[in-house]
Engineer: 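Quick one: this structure, given as structure tokens, is what I'll be asking you about.
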Amino acid sequence: MKDRACIVGVGATRYGKRGELFDENPVAQIREALDAALDDAGLTRRDVDGFATYSVEKLDPSVLAPALGIPAVNYSSMVHGGGGGGTCGAVANAAAAVIAGQADVVMVYKFITQPPHARFGAAYGSAQVAADPLSDFHRPFGLISPAQFFSLLFRRHMHRYGTTPLHLAEVAVSTRRNAMRNPKALKREPLTVEQHQAARMIADPFRLFDCCQETDGGAVLLVTSAERARDLKQKPVYVMAAAMGGDSLWGQGLTSQNQPEDLYVSAGHAHMAKRLYAQAGITPDDVDVALLYDHFTGMVILQLEDYGFCKRGEGGDLVASGAIRWPDGRLPVNTHGGNLSEVYLLGLTHAIEAVRQLRGEAVNQVPDAEIALVTAGPSNLPSSSMLLRR
Amino acid sequence: MTMLADLASIAPDATTAPFWDACRRRELRLQRCSDCGAFRQPPSPGCPHCGSARGDWPLLSGRGTVFSFTIVHHAAVPPLAADVPYNVVVIELDDAPGARLISNVLDVAPDDVSVGMRVDLAWDETPDGVVLPRFRRVTAER
């Protein structure tokens, strides 16, 4: 796969607070994001012939292709799993499709809206979610939301390695600092360590600012072959490597909490990290900027360990050293403001930021950024991640 | 009042029914691989360690140790507003190595829950007759 497919266009809708876009037509929103991506790429809707998505997306090509003016469909796929685990997997599917010659231009798409009756934060708790044989082992005990699942993993990490809530604060505050310079970010007011520590507790040890926003919006990425990309409007951004899956003992680890301890104190991405670096032929030192799925601050720390930017257990010390800050840290993380402070669109915005960094057009540009790591949401199996280069 | 009564419905299937049937008899039984002896929880049609489809259901003592925990302060859905703050614990059972049970510790203040805390089974029956394995803190080991 290495360097044989490219992201050639990115586009997004306006970003809204939770439920703000509920009255919009989702197809029209995807059309808006597609138009922006086509304009960015210098392509037309007649060039698009494939669809790739994730996270139990209800809108499929039967509805989208006619409404978007796409003449024929040559490829369509969806990555398993809810949440944001499939972002990079959807890009990987798109890349595989164009490399295999199944399609010429694949659009990776997602639109979400979170009105009060469909908040991700409520997950298994809402009345609409019926009991089922697997959730029976956590739901009756009040373990029903993503913040709660992840707080348990991070608690064990704290116990085993001495990681602290101040390490969480560093992630929240440095990410906010990046968002403050990003005009599209929804959270731009200053955030201090003191404010982080004084905020209300959600699921101990996660406080309010450890949890990402629940927001509305949509995005489209356009993927085509490297040959075609060279003739288009933008500098191509190459898919160096992509991984989708994880260790099978991770399995349903998030909701079942039953993975072996070495996996338990991780984000479940170490298996994919190894595959990425091997495919790309690089090491963690070669990564210039990391866009790490930040549904929760603690999971950024655990991903830094999974991807080898420090040893297991040293993620707290790594962030405390200022390593993830833009512009001076040795590995700026979530330069756009992430899910925590920019917007939460199930991870597509992390891919968009990686593209901007590699084109040299980011708001918080990492000088001369050559290689970007993008991760999708740590969750139940499968999750996904990718390395992009300019 | 039963804690978290709004969530206390279950929908067992053929694979998970032996666990819940045992609970109704006030017996804690977890599924163990009949070939390699590894416990698997939640119950599953296949052993993730050796691939065997066979399993048995040994009776457990109910003693265990808190492996991790959270204190939930934010009610994820409005009906739980009366329940917060409540604890959720992940328990390693003394006689089911490798398996973990998600549960709650009854009658304990949030500040008193800790990793490594010893706990013992305390059956909890909801008004609808669902019997849940919850736990109590063990202060002095027998």
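We use all heavy atoms of the structure for the numbers below, so side chains are in, but hydrogens, waters and symmetry mates are not.
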Engineer: Using non-hydrogen atoms only, which part of A/Ser248 is less than 4.5 Å away from chain B: side chain, backbone, both, or neither?
Structural biologist: neither
Engineer: Of the listed residues (A/Asp204, A/Asn258, A/Leu134, A/Leu143), which shares the most heavy-atom pairs with chain B below a 4.5 Å separation?
Structural biologist: A/Asp204
Engineer: So what's closer than 4.5 Å to chain B heavy atoms on A/His138: side chain, backbone, both or neither?
Structural biologist: both
Engineer: Can you tell which part of B/Pro133 gets under 4.5 Å to a heavy atom of chain A, answering side chain, backbone, both or neither?
Structural biologist: both
Engineer: Under 3.5 Å, is there a donor-acceptor pair linking the side chains of A/Gln303 and A/Thr375?
Structural biologist: yes
Engineer: Below 4.5 Å from any heavy atom of chain B, which atoms of A/Gln252 appear? Answer side chain, backbone, both or neither.
Structural biologist: neither
Engineer: Under 4.5 Å heavy-atom distance to chain A, tell me which part of B/Arg134 shows up: side chain, backbone, both or neither.
Structural biologist: side chain
Engineer: Which bit of B/Tyr86 is near chain A, if near means a heavy-atom gap under 4.5 Å: side chain, backbone, both or neither?
Structural biologist: side chain
Engineer: Tell me whether the rings of B/Phe67 and A/Tyr264 are parallel (<30°), tilted (30 to 60°) or perpendicular (>60°).
Structural biologist: perpendicular
Engineer: Go through it in stages, so that I can follow the logic: the residues are A/Lys311 and A/Glu305, the test is salt bridge (charged side-chain N to carboxylate O under 4.0 Å, His left out), and I'd like the CA-CA distance, side-chain angles, deciding distance and then a yes or no.
Structural biologist: CA-CA 6 Å; A/Lys311 293 201 183 82; A/Glu305 298 178 5; over 6 Å; no
Engineer: As an exercise: rank B/Thr16, B/Thr15, B/Ile10, B/Asn87 by heavy-atom pairs under 4.5 Å with chain A and give me the winner.
Structural biologist: B/Ile10
Engineer: For residues B/Ala8 and A/Pro140, report the shortest heavy-atom separation together with the two atoms involved.
Structural biologist: CA-CB, 4.5 Å
Engineer: Give the member of B/Val72, B/Val130, B/Asp6 that has the highest number of heavy-atom pairs under 4.5 Å with chain A.
Structural biologist: B/Val72
Engineer: If every non-hydrogen atom of A/Phe206 is compared with every non-hydrogen atom of A/Ser151, which pair is closest and at what distance?
Structural biologist: CE1-N, 3.5 Å
Engineer: Walk me through it: do B/Val138 and B/Arg63 pass the test side chain to side chain contact (heavy atoms under 4.5 Å, CB included)?
Structural biologist: CA-CA 9 Å; B/Val138 172; B/Arg63 288 257 171 158; 3.7 Å; yes
Engineer: Would you mind checking which part of A/Leu249 comes under 4.5 Å of any heavy atom in chain B, side chain (CB onward), backbone (N, CA, C, O), both or neither?
Structural biologist: side chain
Engineer: Please say which of A/Glu20, A/Gln213, A/Lys17, A/Arg18 ends up in a side chain to side chain contact (heavy atoms under 4.5 Å, CB included) with A/Gln114.
Structural biologist: A/Arg18
Engineer: Under 4.5 Å, counting heavy-atom pairs only, tell me which of B/Val115, B/Leu101, B/Val90 racks up the most with chain A.
Structural biologist: B/Val115
Engineer: Verify the distance criterion only: is there a donor paired with an acceptor across the side chains of A/Asn334 and A/Thr175 at less than 3.5 Å?
Structural biologist: no
Engineer: Between B/Ser9, B/Pro48, B/Ser103, B/Pro43, which shows the greatest number of heavy-atom pairs under 4.5 Å with chain A?
Structural biologist: B/Ser103
